[in-house]
Structure formats: C-alpha cells, structure tokens
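Order of listing sets the numbers, starting from 1, for every ligand and every atom in it.
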Amino acid sequence: MSLFSMKITELPKIGPKTATLYERLGVHSVGELIRMYPRTYEDLSNPVSISEAQSGETVCIKAHIVGNNPPVRVRGGMIIYKITVSDDESQMTITFFNQQYMYDKLKYGGEFLFYGVFKKNINNFEMASPVVLSTESDAIIHPIYKQTGTLTSRKIEVAMREALKCLPEKTNDPIPENIREEFGLCSLDFAIRNIHFPADIKALETAKKRLTFEELLVLQLGMIFRKNSVKKETPHKITQDFTEDFYKLLSFSPTSAQKRAISECILDMKTDKPMTRLVQGDVGSGKTAVGAACCYTAVKNGLQCAFMAPTELLATQHYNSLCQLFENSGINIALLTGSLTAAKKRAVYSALKSGEVDIAVGTHALFSKGVEFNRLGLIITDEQHRFGVAQRAELLEKGESPHLLVMSATPIPRTLALMIFGDLDLSILDELPPGRQKISTYLIDSTIRPRALNFMKKHINNGNQCYIVCPLVEENDTNMASVEEYAERLKDTALGSCRIAVLHGKMKTSKKDEIMTEFKNGNIDVLVSTTVIEVGVDVPNAVIMMIENAERFGLSQLHQLRGRVGRGTVKSHCILVSDAQNEGTLERLKIMCKTNDGFKLADEDLRMRGPGDFFGSRQHGLPDLKIAGLSSMVSINDAKEAAEMIIADDPTLSEKQHKPLAFEVKRLFSSVGGTLN
Ligand code: ADP
Ligand code: MG
C-alpha cells in the first residue's frame, strides 16, 4: 500500500483534531508527512548552559544526571518521571510522561544533550519531554519543521519518527537507477531518512542534493507533458502577416530584438497549433510594441484579442497607447476594468459578444464569468508573474484554443526560464531601444542620506518626482525603515515641504490606484512605497529612486524597482542605501552600480543567492516546490538532461520502472491541474 493512501491519523497519538492542524500544513497522509521536509535545522553542536537559557525557548543543554525521583502515578494512569540534571553551575528538572525507557536510560552520572523547550518556573528550571541524545552521538543536526497552532516542530518530529518506521523495506525510487548512477545521487530511502534526521552534515547535503534533483526532474517532466498535451489544433491559424503595415504606424523603428520576437510570434500563429509564447524583456525593452504587433496582425486576420494587465492603471495605460497607435486603422478597442459602471460593463460585454470590439484591454475582469467573446483568437498578458500555470489554463478556456502571448519584465537566467516556463516557448528582448539614458546608480550608507535628500529636493524644485522604497510596512523593533513612519520622518528633512504620499500592499486596490494616478498626474512629489510599485507603471517625470535597506533585496528585484525611473528624457538616478557591513552583500550591491543589464543581474543573483529567489514566492505560479527553493547547489542542467534522457527512453512514462516517477509528476502538479492522463 502506498504511504500516500495511509491517513495521518493511523500514526500513534494523532487524532482528528491534530489531523486538522496537519491539514493546514498540506499534510493528509503519512506519505505527505514524510515529504514535508524541515524548514531548517538546529545544530546541536553548540549547547547553552542552563543559566544562559531563556524561558520559552527551544534550546540544547548538555548536562549530567544528579538525581532520579521515584516515578509518580497520577490520575488517569499516567506515570510521571522526573530527573534532575546539572551542568555544574545550575540544575534543571527533566520531565517525561509514561516513557519508562527514558527513565531507565538516564542513569545517575550519565551525561547527555537535552533538546527541548526550556521553562523557568518559580522555584526551578524545567524541560518537558526533551529529545535526549548521547554526547558522543553524531546526530547533532536537528530538524525544525514549519509549525502551526499547537502543532509544534517537536510534535511533528515525534510523528516523523513514527512515520519513518512505516517506510517499506524497499522504497519505490522515482529516480531510475541508471540516472542515480549517472548523476551521483543517493537512494530515496537514504535521502528521506537523512533529510529529517541527518547522521551528519555530509549526509544532509547528500540528501538535499538528491531531493532537489528529484523535485527539479519532476517539475521538468511535468512541464514537458504540459507543453505536449495542451496543444490541440487551433481554428485561429492566421494566414497573412501584416507586420510591415504595423511598423508604419510606429513613431520609431523597432529594435532587431523586437523584430525577431514579433516574427517568432507570427510564425507560431501561422501553424495549426496555438502559440504559447513568453516574451521576456527588461523594463523599457519595448514589449508593448511586440504585443501590439501581434494584435494588429491577428485583428487583420479577423481575430479578436484580449490584452490583459495586472492593475487597472496598467490596463488604462495600455488602452491609451493602443488607441493612439491604432487611431486610423479601423481597429475597435475597448477598456474593461472592474471599476466601470454596470451599464458601461454591459455595453462592453455586448460589443465583445457581437464581435464589434477587436481588442479588449483590461484587468482580470476580462475573464470574469459574464464575459463572452465572439472569436477570441489571441490572449496577451502583460507582467505575467501574476499569472501562473493554473491561471494560464483558465484564460485559455475563454476561447477555442486561442494563441497566448505572455510578457514578462522579470529577467530570469535562461536555464531557469526554460524550467520555470517549460510549457512556453521563449523569445527574449535582449536589446534596449537606442538613445536610452543609463540610470546612474550609487551605493551609500545612511550617514550620506541627508545629502541624497538634498539632491532629491533639487530635482523636485525643477518639477521632477521621486520614489523612496522601504522594505516593510509596519513599525517594528528593528531599525528597518517602514513606509508610514518613514514618511513621517521625512517631514523633518530637506523634503519637509514636499508633497509626500505613501503606498503599500495592505492598502485597498482602489486606494493604491488612486495614489498612483495622483503621482502620475504630478500631484505628489515623493512617493514612499513598499515594493508594490514594482509592476510597470510609467511615470516619465519620476527621475530618482532611493531604496532603503537595499541589502534586503535580490539584484533582480532592485533592478525591477530601478526600472520605475529613467522612463523620460531627463537623466535618472537610483540611490541604494545600506548600512550592511558584510563584504559579500556590499559586493552584490556594487554590481547594481556597474550594470543596467537585467539578465546579467539575474545571472549574478543565481550565482550568489541560488535559485531560491526565482523558485520561491508564488510569482511564477509554479506548483509548490518543497525543497528547490531551499537549496543553493542545484544543478538545473543536470535535472533537465536527466528528464530528456528519461523521456527519450519512455515518452509517456508508462514503463514499469517509471511508475513511481509518473506518480510524483502527477502529485506535484495536482495543485495546478493534471498533466498526465
Ligand atoms: P516594457 O518592455 O517595459 O513594457 P514599453 O513597451 O513600455 O516597455 O516601452 C517603453 C518605452 O519605449 C515606450 O515609451 C515605447 O514607446 C518606447 N519604445 C518601444 N520600442 C521602441 C523602439 N524600438 N525605439 C524607440 N522607442 C521605443
Ligand atoms: Mg510593459
């Protein structure tokens, strides 16, 4: 029987109540429990003394037994064992319930490591049901699990030990033996045991490597299946390319990267299969024109297009530029956002249904229930990171195998992109339009901040605007800048007389849009914000971006933020403020000052911080990866190579030795829709 069909309640001491807590962690079965890896580890090689320990903290204390009280039987039949231990300085009471074997093990004089929650009572120090390890034990690396409510990491650990007892003698290893040999990977059994209870650091690394590899392999395979299976024939094959006509509408000449991307899209749309393409290009690389070109040719071929943006403001921005661009070309464009009046919405709905509208620009309102298209042939989504694998599938249901173009301003190293967007074809805009001014970037520490504020004031006096980005919203006890408090403090600085507003993720969308519109209209001089401004709103008049606690951000994210300025004709500046002392951190930030190339920065991020930033967060709508985000030494190329080897051998994973692997692919993708039939 599979451990995935063994309910968690079949483990000792897990009743329905505890089971609901496990459910919150996404764990229903013993199999899922075993696949819930520790969030981190506690290294027990550094025990604290009893006097150092803080009440309520989970600590490791090395002490020897100085007294065993006789067992006490209490009501209900429970037996309490109390043992007194000492570290030669202070004493502490260790309490066990019903665990006679522990009592027998802890003999007078013996020295052990006690790991558990330390408590300072009125008249003694205590630790209840600790993990007890021999001081000679190698097992000094201790798992820490994500906890919820009363379900502590400690309790999960106890359950995990029970769960591991259920592992069959011979586990079905999803990674075929030849692949394990080829890439130097340990067995699943070894990996599972050592990811939870590592024998030593080396065993932990071996386990992590194997499990990361497995996860990436499974992800890669799922993406390959998805890519192969999604594609039915499309009735929206285009026959004629109108790109040359489109170019005549532009007030500039397209870059060769734009031309290449556009022709790749047109080629896709000329085949029997729908296009599913990702255009990746740095901020300002001109992705809108690529989308517009596709719309133009699609409309001229009789198709209807939907152009979707993540916010109303961005949708409106696109709507305005498309209206301008297609002014005299007989193309009918409509804007559909959530804030339209019901009457206006109805009008747009009916025009969409009748086919009168050629291009509908809007937010996700475009795909709400009542919306029907007449002949939806092309869907474009901008700033794709809000739309994951599952959402992509949902969009496509609005039409009959429509073409899909996804546009992203988040440069991702190519190897990663191929995996994260493995179900899409990729076009890269690796060139900026000519004449762009480089954004000058500086790294300063907070002692220089007053000068930076004066510099900003000078630009504001000239009629320009500035952004200040802070990492967190709430006031907190560290000196991390928070927007509210920060804006307050600005009143006593050179910017005191300026019009200052704040923007953060906890605001209502309508409020956010309102403030962004005010800023865009020039009614705000300084916008103090969290990273919510990251998504591409165009305010050409904003020329300085100051980023506080810059060390908290990845390079890609800093770059993304920096892209909010430098959109007009005035020279723009980005000021990174950091008091970080760490050499590596400073080195990383200095790279920002040297290059404006988002792909280079993404590569650096990958090199210095590992793939966690890219896999982590729900940005890409990937299935829930358990480990890839934690590990810094994944070989993505190896996992890809392995996937290709396996597929070449058995394209449908239907051979017997691939059954466990097929099972894992299904499991990983179950949250985002199945891939294997
Ligand atoms: P992004 O890729 O960030 O979405 P946009 O499409 O918003 O970039 O383009 C940024 C700006 O550059 C716009 O004002 C657009 O009109 C302009 N632009 C786009 N392509 C070119 C080009 N080939 N030459 C000159 N300007 C261009
Ligand atoms: Mg854009």
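Atom numbering of ligand 1 starts at 1 in the shown order; those under 4.0 Å from a heavy atom of S253 are 22 (C), 23 (N), 24 (N). Every atom of ligand 1 is numbered from 1 in the order shown, and the set under 4.0 Å from a heavy atom of T288 is 4 (O), 5 (P), 6 (O), 7 (O). When each atom of ligand 1 is checked for a heavy atom of V283 under 4.0 Å away, the hits are 3 (O).
Annotation for G338 and K345: closest pair O-NZ, 3.1 Å, computed over non-hydrogen atoms.
For the residues G284, S256, A257, A289, the heavy atom positioned nearest atom 3 (O) of ligand 1 is part of G284.
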The test is side-chain hydrogen bond (donor to acceptor under 3.5 Å, both in side chains); show your working for E312 and T363 and say whether it passes.
CA-CA 6 Å; E312 300 219 342; T363 54; 5.0 Å; no
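Under the 4.0 angstrom criterion for non-hydrogen atoms, M407 is not in contact with ligand 1.
Look at E264 and R277 and you find a salt bridge, because one of the NZ, NE, NH1 or NH2 atoms lies within 4.0 Å of a carboxylate O, short of that distance.
Looking at S285 against ligand 1, both its backbone and its side chain come within 4.0 Å, counting heavy atoms.
No donor-acceptor contact under 3.5 angstrom links the side chains of Q465 and H459, judged on distance only. Side-chain atoms of N301 and H236 form no donor-acceptor pair, as typed in the model, at a separation below 3.5 Å.
Considering backbone and side-chain N/O of G286, one or more are found under 3.5 Å from N/O of ligand 1.
Residue M592 holds its CE atom at 3.5 Å from CZ of R562, rounded to the nearest 0.5 Å.
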